[in-house]
Each structure stands twice: as structure tokens, then as C-alpha cells.
Number of protein chains: 4
Amino acid sequence: MLEIKRLSIEEARVLVEGSIKASNEIGLPMCIAVTDESGNLLAFERMDGGKISSISIAVDKAFTGAAARKATHVYNELCQPGQPTFGIHITNGGHFSIIGGGFPVTVDGEVVGGVGISSGTAAQDVVVAEAALKHFYAATGYTP
Amino acid sequence: MLEIKRLSIEEARVLVEGSIKASNEIGLPMCIAVTDESGNLLAFERMDGGKISSISIAVDKAFTGAAARKATHVYNELCQPGQPTFGIHITNGGHFSIIGGGFPVTVDGEVVGGVGISSGTAAQDVVVAEAALKHFYAATGYTP
Amino acid sequence: MLEIKRLSIEEARVLVEGSIKASNEIGLPMCIAVTDESGNLLAFERMDGGKISSISIAVDKAFTGAAARKATHVYNELCQPGQPTFGIHITNGGHFSIIGGGFPVTVDGEVVGGVGISSGTAAQDVVVAEAALKHFYAATGYTP
Amino acid sequence: MLEIKRLSIEEARVLVEGSIKASNEIGLPMCIAVTDESGNLLAFERMDGGKISSISIAVDKAFTGAAARKATHVYNELCQPGQPTFGIHITNGGHFSIIGGGFPVTVDGEVVGGVGISSGTAAQDVVVAEAALKHFYAATGYTP
């Protein structure tokens, strides 16, 4: 029997909290999604002013981070025309995100969830997601 | 130019909070979704133990409450075979929910958002959603 | 070679105009869709206050009226469980509407377009669509 | 409670009117879509001769202009292979348009709707959409 480690909703909230804090620091309202280790949605918040088109993008980024176990910006590079992974962005019913801002959430090297940020540029989304992860490890005492 | 009232994320959280409180009272972990007045997702939480299949059901219920401006259990009755609205459950790309637990959130008679609850029976989902609305009006001072 | 009669955009506007007039008479803001004889969208208006969930329903009703060449309320009866047409509402990618308010637009017995109304009850939607057709024939001088 | 500004149907018609005028000037019949600030369809017209395949493209362009708050031709550049936003064209169920001709409609810096034009080249669609916006501001007295 497998024993799976999965973010609790309370831990998911810590990621949302860290994302909001970082979004406020750069002055950009974001869509924030947190999934469990299987890529299923745990928590979502659209800050006042977050983009409508970023709702599903944030969810897809968190899904991809957890389910594919790599940051979405890594897939952006792997998925260029001419690369062997080109085309992966249309798999999974179009929910495989290759735009930066999605990350796996790991604890002791194991994927326990995903976080996805959207509404800024890919670079801004990455900054907020990384700050959220940093906040998460500081607040919970877990190690990546 | 139209002037539209829309739930803020802080107000959406009050609905999530009220839903969790009511879910705990009946001892059933729920999926909770809150949308804006146009049916676009504002906030979501899957309580520890909430059903995976209820993620999208909760979101669809909140969407329907806001976008169709009626509680989803009302549509369940209107959508019975033999009724003139039979068939509405497959519209809107299958996102039109006719299962109890979705409600419009109104302020002074205007729809400002939607709330959707899923993981229990339809009757249990209705109980939690109604308690969430009661909590919302008490906490904010708004009138329906 | 076939010669197809098709509503012009100017004629489609007459149907929209008639729908708005009738909607105002019953005091209900509607979503109004007009398609050509092939079921492809020609004109659409969402009156101030029309329902968000009725956008696609109005379009689907107009599509069905034109493409299936019957009023959608007729299909509502034909599509009851136990009837041989039960199930038709999930065909055409879910765009086959069986809710009253969709009609073919005919000229000299030939289908030249479709009109679909949504936001009220099915009965109200039918009333507005029928008034729109009456207005259309009066304004253009065509006969059904 | 947030206070949102949204195009009325009368204002949406001004955008359609301006689009038709500009389309006639370049002698190309267009599909014209106008959405509200959340990206939901408000008005649509397919001019006599407008392309069937441009119906949904025009709607998607208007959606993207409003929901993502940028002109679609801007995303075309941002979404090139090698760019960090590569892949955004398949998000939102394939409704995120990166083909020129979609614009947000802003009033005093706030997005109140979206306009989308399709049937010509991307460059021609941009010309018509920009002329429609110019017409809109002149006719209504609003400032972008």
C-alpha cells in the first residue's frame, strides 16, 4: 500500500497567504491556485483586480506543477519548436501549462502539491510563486 | 455605462468561512466555491476530505447561482422530464448545475456573486450554502 | 447547383428589433440570437440585464431552430424519456436545444434562418420569439 | 463591495456601428463581436459576406481583449516560440486569441468591455477595431 503525502487545506492557505503578500509587494493583483499532489484543486483566490483569463491559467499552472513535477517555465523551454517535447502544451485537454508561474510543492523531495500564479508577466508570476514557496517553508518549517 | 456591484475577495472569504463553519457543524467536509456576479471564480476551498468529483460540481453550482440567478435546486425541479426546462442541465458546456447547493448571492435585490457547495447529498449541500449566506449577511450587515 | 435563401444581416436585425420590442412589453431583458439557414450566428444582443447563462442558450436555440428546422419546444416533447428521440439534447456537442424559445425562420416554406430567445421561462421565451417572427413578417412583407 | 463599470447594450451597438463603417471603408465584410468587461458576449453581427470561421474568432478576440486586458496582437508577439508566454494561445479552452483584431474597451483607464473583429488579415482586423474604438470615443464622449 502506498502512503501519499498531501497538502492539507490549512497548508494550502499558507501558500495563498504567501502569494498575496508577494503580489501586494509588487503591486499586482493575482489569481492564485493551489492543488494537491495529484493536481486536483485545493484552494483558489482571485485578488481584487486579478484577470478573468488568468483564473484557468493559474489552475492549469498549479496542476502542471504538481502532476508533471516540474516548474512550468522549465516546460516553456523544453516545448520550443525543434525540441522533442514540443506539443506538450496541448496535452491533457489543453491544461498542461508551459507558461512560467507554476511550481510543484515538495517536502523532503516528495511532491505534495502545486502552486500556480497568473495575471502578470510570466516573470512576475514566477517571482510571486517563488516567494509563496519561500513563505510556505518558513511558516511550516518543512524542507523542500 | 452600467454600474455593477461585485463581491470583493474579502467578502467572498466570508462566504467560505460560513460554509466551513456549517460543514463542521454537520461533520461533512465540503468543496466550497464562490464566484462573482458574472459566474467567474473568486474563491475556492476543498476541506480536508472533500470529494474530488465535487471540485467542479461546486464551481458549476456557484456559476449557475450567479449567472442564472436562481438556486440550483429550483432548476432541478424545473428540469424534470415533462417540464419545459428539461434539458437545461447540458447547456453552457455542461456547466449549468441543477443539483441543490448553488445559490445567487444578492445584495439589495441585485446579484453580486454565487456560492456553490458540494460533497454531501443535495439536501446537505443546500443546508451548508444557506448557512453560509446567513453568516454572510450577519457578518457584513448587507441585506439580501 | 443549389440556390440557398439566407437572411441578410439587415433582415436579422429586424428579428432582433422585434425581440427587443416584445421583451420590453413583458418587462424582461433577454438574450437574442439570430442564425442563418445553416445555424451559423448572424446577430446577437444581450439586453441590459439579460442572463449570462442565457448567452449560449439563445445561440443554441437559434442554431437548433435553423439546423433541425423545428421549434425547440417541439423537441422538448419529443425528447422525453420513453420517447424515441430521447437523448437528442446531448447531440451536436450539447448545442441541440430542447428548451422552448428557438424557432426556424421560414420564407415561402423554406428555412432561411433561426431565432433563439433566452432569459425568461421557456413560455416567456416562446412568446418573445413568436412576437419577433410576427414583427419580421409584418416589417419585411415575407410570408412564412 | 466592488463597483464595476460595464458597457450597456446601447454603447456596444456604437462599437458595432463603428466597425461596420470602417469595414465598408476598406470594402471587407467582417464579423464583429463586443463583450462586457468580464468577456461575456454583449453584441455580435456578421456582415453579409463575413466568414463563417470568423464568428468564433471575433468572439474570442473580444473575450481576450476584455478578460486579459491587452490587445490580441500584443499577445501574438509575446506568444512567439522562445518567448515566456509561448503557449497562452491554447489556454481558456482555446478561447484565448493571439491574432490581431481584439482590443479592450477602456473608459478612464478601466476595462469596460472588449471588441473583436475577424474576416480580413490580422492587419485589416486591427484597422477596423481601432476605427471602431475611435468612433466609440467620439460618439460617446468617453475618454480611454
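Treat the numbers as computed from the prediction; the structure is a model and nothing was measured.
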Taking atom CG of B:L78 as the centre, does the number of heavy atoms from other residues, nucleotides or ligands within less than 6.0 Å exceed 12? yes
Can you pull every donor-acceptor pair closer than 3.5 Å across chain B and chain C?
unit_1	atom_1	unit_2	atom_2	d
B:A67	O	C:S53	OG	3.3
B:A68	O	C:K51	NZ	3.1
B:R69	NH1	C:G49	O	2.8
B:R69	NH2	C:G49	O	3.0
B:R69	NH2	C:G50	O	3.2
B:Y75	OH	C:K51	NZ	3.3
B:G82	N	C:Q80	OE1	2.5
B:P84	O	C:N76	ND2	3.3
B:F86	O	C:N76	ND2	3.4
B:N92	OD1	C:S56	OG	3.3
B:N92	ND2	C:S53	O	2.9

Cut-off 4.5 Å, heavy atoms of chain C, and the answer for B:I88 is both
Please classify the contact of B:F86 with chain C as side chain, backbone, both or neither, using a heavy-atom distance under 4.5 Å. both
Just verifying a value: how many Å separate B:F63 CZ and C:I52 CD1, rounded to the nearest 0.5 Å? 8.0 Å
Which one of C:I98, C:I55, C:V126 has the most heavy-atom pairs closer than 4.5 Å to chain B? C:I98
